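For reference, the structure discussed in these notes is given below.
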Number of protein chains: 2
Amino acid sequence: MVTEALTEDAAAGLARGFKALGDPVRLRLLSLIAARAGGEVCVCELTDAFTLTGPTISHHLKVLREAGLIDCQRRGTWVYYWIVPARLAALSQLLDVSAAAASTGSTR
Amino acid sequence: MVTEALTEDAAAGLARGFKALGDPVRLRLLSLIAARAGGEVCVCELTDAFTLTGPTISHHLKVLREAGLIDCQRRGTWVYYWIVPARLAALSQLLDVSAAAASTGSTR
DNA sequence: CTTCTGCCTAGACAGTTATCTAAACAACAG
DNA sequence: CTGTTGTTTAGATAACTGTCTAGGCAGAAG
């Protein structure tokens, strides 16, 4: 079991990811992208799923992208977004390991 | 594989958890608590690990507690905090499932 | 070239947050 | 009771965030 306390730098990097996930709209955006077979979703589809304006959705997508959680590419008129699995997995693992350590009540 | 898009309510509840994790200080606090054999940590130990004032640490602990990530109890002079594993596991699972769905490029 | 649609940037505004100091509360020791 | 120590609450302030409107850029179609 490897659950050392986080260094300040490690915590800063991981916190940036969690912070981006800390908004219901962004969490739903991520979920919509992840749940799409094919792995890619056009912005127009995402915008339609909310009662928010285009710029607001665009802003949230930018936050998710800058946190390394998603990436995008323009193809012709449309812009497509997809998940960055490794980043999600890294965040998931931290919580999983912490939960496990707490459950067994021990670590190193 | 179960990766439906999140409902608005589900997203709100989960986002509250991630939001609490979205601060480097809180992430380190959680990590310090989780990494402690015995599962419980006194506030005084946590305060010593940072260059922040007591009230600031107390504030962050409150945020984590209100997000359901930790819980606490006073025993005599000292207050002890511990992890709520189920809550961490729930957050971890969402990311894990989303990452997996994105990796296979499919869901349901 | 002009126009239309999709997406993003810029700027503004209201609400939230991280931090501090000062003060209060809780438990224990004289 | 009084004083001491550990922890939390209250209030203030500077910084950040989510949302909007207005406007700009990119590509496609006439």
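All values reported here derive from a predicted model rather than from experimental measurement. Just so it is clear, the values below take in all heavy atoms, side chains as well, and ignore hydrogens, waters and symmetry mates. Just so we're on the same page: letters track the sequence lines, and every chain starts at 1.
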Taking [atom1] from [X] and [atom2] from [N], how many angstroms apart are they, rounded to a whole number?
X: R26(A); N: dG18(D); atom1: CZ; atom2: C1'; value: 8 Å
X: D48(B); N: dT5(D); atom1: CG; atom2: P; value: 15 Å
X: K19(B); N: dT17(C); atom1: NZ; atom2: P; value: 4 Å
X: L46(B); N: dT8(D); atom1: CG; atom2: C1'; value: 15 Å
X: Q73(B); N: dT7(D); atom1: CD; atom2: C1'; value: 15 Å
X: E66(A); N: dC16(D); atom1: CD; atom2: C1'; value: 14 Å
X: R16(A); N: dT17(D); atom1: CZ; atom2: P; value: 12 Å
X: I57(A); N: dT21(D); atom1: CD1; atom2: P; value: 14 Å

Minimum-distance pair of heavy atoms, taken over all atoms of L6(B) and S31(A)
N-OG, 2.8 Å
Pairs meeting criterion side-chain hydrogen bond (donor to acceptor under 3.5 Å, both in side chains) with involvement of residues 37-46 of chain B, two or more places apart:
R36(B)-E45(B), E40(B)-R75(B)
Between S103(A) (side chain) and A99(A) (backbone), is there a donor-acceptor pair under 3.5 Å?
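Answer holds: yes.
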Using side-chain heavy atoms (C-beta onward) and a distance below 4.5 Å, is [X] in contact with [Y]?
X: T47(B); Y: T53(B); result: no
X: R28(A); Y: F50(A); result: yes
X: W78(B); Y: V43(B); result: no

Strictly below 4.0 Å: does [X] bring a side-chain N or O up to OP1 or OP2 of [N]?
X: Y81(B); N: dT8(D); value: yes
X: R74(A); N: dG6(C); value: no
X: Y80(A); N: dG6(C); value: no
X: K62(B); N: dT7(D); value: no

Table of protein N/O atoms under 3.5 Å from nucleotides 19-21 of chain C N/O atoms:
| residue | atom | partner | partner atom | Å |
| --- | --- | --- | --- | --- |
| dT19(C) | OP2 | H60(B) | NE2 | 2.2 |
| dC20(C) | OP2 | T53(B) | N | 3.2 |
| dC20(C) | OP2 | T53(B) | OG1 | 3.1 |
| dC20(C) | OP2 | T56(B) | OG1 | 2.6 |

Just to be sure I understand the rule, does R65(A) reach a base, reach only the sugar-phosphate, or reach nothing, if contact means heavy atoms closer than 4.0 Å?
nothing
Closest to the V43(B) side chain: dC16(D), dG27(D), dT7(D)?
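The closest nucleotide is dT7(D).
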Quick one: does NZ or CZ of R74(B) land under 6.0 Å from the six-membered ring centre of Y80(B), within 45 degrees of the ring axis?
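No; the conditions do not both hold, so R74(B) does not lie above the ring face of Y80(B).
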When you look at CZ of R87(B), are more than 12 heavy atoms from neighbouring residues, nucleotides or ligands closer to it than 6.0 Å?
yes
So does Q73(A) have more than 12 non-hydrogen atoms from other groups sitting under 6.0 Å from CD?
yes
Can you pull every protein N or O that's under 3.5 Å from an N or O on nucleotides 28-30 of chain C?
none

